[in-house]
Q: 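Sharing a structure below in structure tokens format, with a few things to ask.
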Protein chains: 2
Amino acid sequence: MFFLKDLPSRRMVTGYADRFEGVDPAKVSDALALMRAASVLIRDLESYFAAHGLSQLRFLTLIVIDREPERTSLSVHEIADRLDVSRPVLTRTLQTLHKAGLVTMNANEDDARSKEVSLTKAGSDRLEQVLPGYFAILDRAMSGDGNDLN
Amino acid sequence: MFFLKDLPSRRMVTGYADRFEGVDPAKVSDALALMRAASVLIRDLESYFAAHGLSQLRFLTLIVIDREPERTSLSVHEIADRLDVSRPVLTRTLQTLHKAGLVTMNANEDDARSKEVSLTKAGSDRLEQVLPGYFAILDRAMSGDGNDLN
DNA sequence: CCGATATAGTTACCATGATAACAAAAGGAC
DNA sequence: GTCCTTTTGTTATCATGGTAACTATATCGG
């Protein structure tokens with residue numbers, strides 16, 4: 001996360017960047033604005049998800065299983081292939097979702113190491129419940145509410 | 001942080017978003033790309049800072065003290081005014097910086113509740129050491145290396 | 001001056017990210 | 001078949017984000 005409330009002015013960035021060769025102050029300013037806008041948005045989303053018993057990662061885990069065509073379950077490593085988090089974090093996230101009754105975890109008949117993760121009805125329902133607000137927050141974030149990315 | 005490796009196609013976003021009124025699929029796609037690009041960049045930066053005994057927040061803390069004109073110290077609450085983190089996190093961050101010898105913390109003569117934080121020589125030196133690479137990473141991130149924001 | 005309130009900073013505790021090291025099963029060389 | 005490596009998932013531990021509740025000091029109304 002990027003926590004600087006007031007980004008440095010273009011002039012200040014230029015002052016710093018001129019000391020280093022090959023650095024374009026405009027790009028630096030853009031990168032700072034990008035990180036700031038995303039950090040604020042991510043925080044908004046986390047807060048929204050928390051109000052619905054989820055987190056960004058728990059939500060994405062549900063989405064990744066739900067959106068898979070022709071499949072009703074994914075193995076843990078298939079979920080890991082789609083999400084850029086460490087395995088231990090995924091293990092814990094799935095345990096949390098399982099305790100909350102949003103996914104089931106069953107043994108894979110062909111591979112005793114592997115586990116198949118499926119959404120429960122409660123899992124699908126939670127996803128449906130959360131999606132409208134999720135899209136609304138994303139839409140609003142890109143609708144010129146002062147993130148300086150427009 | 002936003003962990004989805006492969007963002008949904010515009011078509012898939014449209015499929016979801018069409019079910020909700022007033023949601024512009026293009027904006028949703030932009031928001032997802034924004035979060036993904038920033039998450040990758042922030043991770044790069046954290047890794048860079050870690051290699052120099054810092055973190056993004058410790059770095060920003062040093063920067064806000066350093067860039068203050070006409071001042072050689074800031075109180076903890078002035079730092080908090082500039083950084084969007086909770087007070088306890090700032091307390092711990094300053095303790096870490098203090099243990100590492102990068103800042104000093106002195107009593108304020110006029111207000112016994114307050115503490116004045118200053119950079120040490122080691123703190124300024126660390127900042128100087130880290131800045132070129134920092135700008136280089138930001139510049140490169142905005143130079144069309146596949147973040148789909150161009 | 002004194003009690004109530006506000007401000008500055010900390011401590012305690014929890015959630016969620018990471019890496020390292022592990023157990024168990026599968027797969028491959030021979 | 002047996003050994004070695006790879007794959008799958010977990011546990012243990014740490015770093016860093018958060019909120020709630022606390023202490024201590026300052027400030028303000030009377």
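As the structure is a computational prediction, the values presented were derived from the model and not from experiment. Note on naming: letters A, B, ... go to the chains in the order of the sequence lines (proteins, then strands), and numbering restarts at 1 for each one.
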Q: To the nearest Å, how far apart are B/I79 CD1 and C/dT7 C1'?
A: 16 Å
Q: For the atom pair CG (B/L102) and CZ (B/R126), what is the distance rounded to the nearest 0.5 Å?
A: 5.0 Å
Q: Provide, to the nearest angstrom, the distance between the CD atom belonging to B/Q56 and the P atom belonging to C/dA18.
A: 15 Å
Q: Summarise how protein sits on nucleotides 8-13 of chain D as a single string, 5' to 3': B when a protein heavy atom is under 4.0 Å from the base, S for sugar-phosphate-only contact, - for no contact.
A: SBBBB-
Q: Mapping A/V85 and A/A112 to their closest nucleotides on DNA chain C, which lands nearer the 5' end?
A: A/V85
Q: To the nearest 0.5 Å, tell me how far A/L41 CG sits from B/L32 CG.
A: 9.0 Å
Q: With a 4.0 Å limit, can you tell me whether B/S86 has a side-chain N or O closer than that to the phosphate oxygens OP1/OP2 of D/dG18?
A: yes
Q: Closest heavy-atom contact between A/L4 and A/L7?
A: O-CD2, 4.1 Å
Q: Return the CG to OG1 distance between B/D66 and B/T61, rounded to the nearest 0.5 Å.
A: 12.5 Å
Q: In whole angstroms, how far is the C1' atom of C/dG9 from the CG atom of B/D81?
A: 14 Å
Q: Does the ring center of A/Y48 lie less than 6.0 Å from the ring center of A/Y134?
A: no
Q: Could you check whether A/R43 pairs with B/D84 (Lys NZ or Arg NE/NH1/NH2 to Asp/Glu carboxylate O, under 4.0 Å)?
A: yes
Q: Rounding to a whole Å, what distance do you find between B/F49:CZ and C/dG17:P?
A: 21 Å
Q: Strictly below 4.0 Å, N to O, side chains only: are B/D81 and A/K5 in salt-bridge contact?
A: no
Q: If I take atom OG1 from residue B/T93 and atom NE2 from residue B/H98, how far apart are they, to the nearest 0.5 angstrom?
A: 14.5 Å
Q: Do A/V13 and A/P8 have side chains that get closer than 4.5 Å, going by heavy atoms?
A: yes
Q: Given atom CZ of B/F3 and atom P of C/dG17, what is their separation to the nearest angstrom?
A: 5 Å
Q: In whole angstrom, give the distance that lies between atom CG of A/L45 and atom P of C/dT16.
A: 15 Å
Q: Counting only non-hydrogen atoms, which of residues 61-74 of chain A are less than 4.0 Å from DNA chain D?
A: none
Q: Hey, could you give me the CD/CG distance between B/E46 and B/L57, rounded to the nearest 0.5 Å?
A: 8.5 Å
Q: Considering only heavy atoms from C-beta outward, does the side chain of B/L62 approach that of B/L54 to under 4.5 Å?
A: yes
Q: Rounded to the nearest Å, what distance is computed from the CG atom of residue B/N108 to the P atom of nucleotide C/dG9?
A: 9 Å
Q: Please map the stems of DNA chain D, keeping only stretches of three or more Watson-Crick or G-U wobble pairs with both distances under 3.5 angstrom.
A: C:1-30 with D:1-30
Q: Mind calculating the distance between CE (A/M1) and C1' (D/dA15) to the nearest angstrom?
A: 16 Å
Q: Below the 4.0 Å mark, does D/dG18 have OP1 or OP2 next to a side-chain nitrogen or oxygen of A/R43?
A: yes
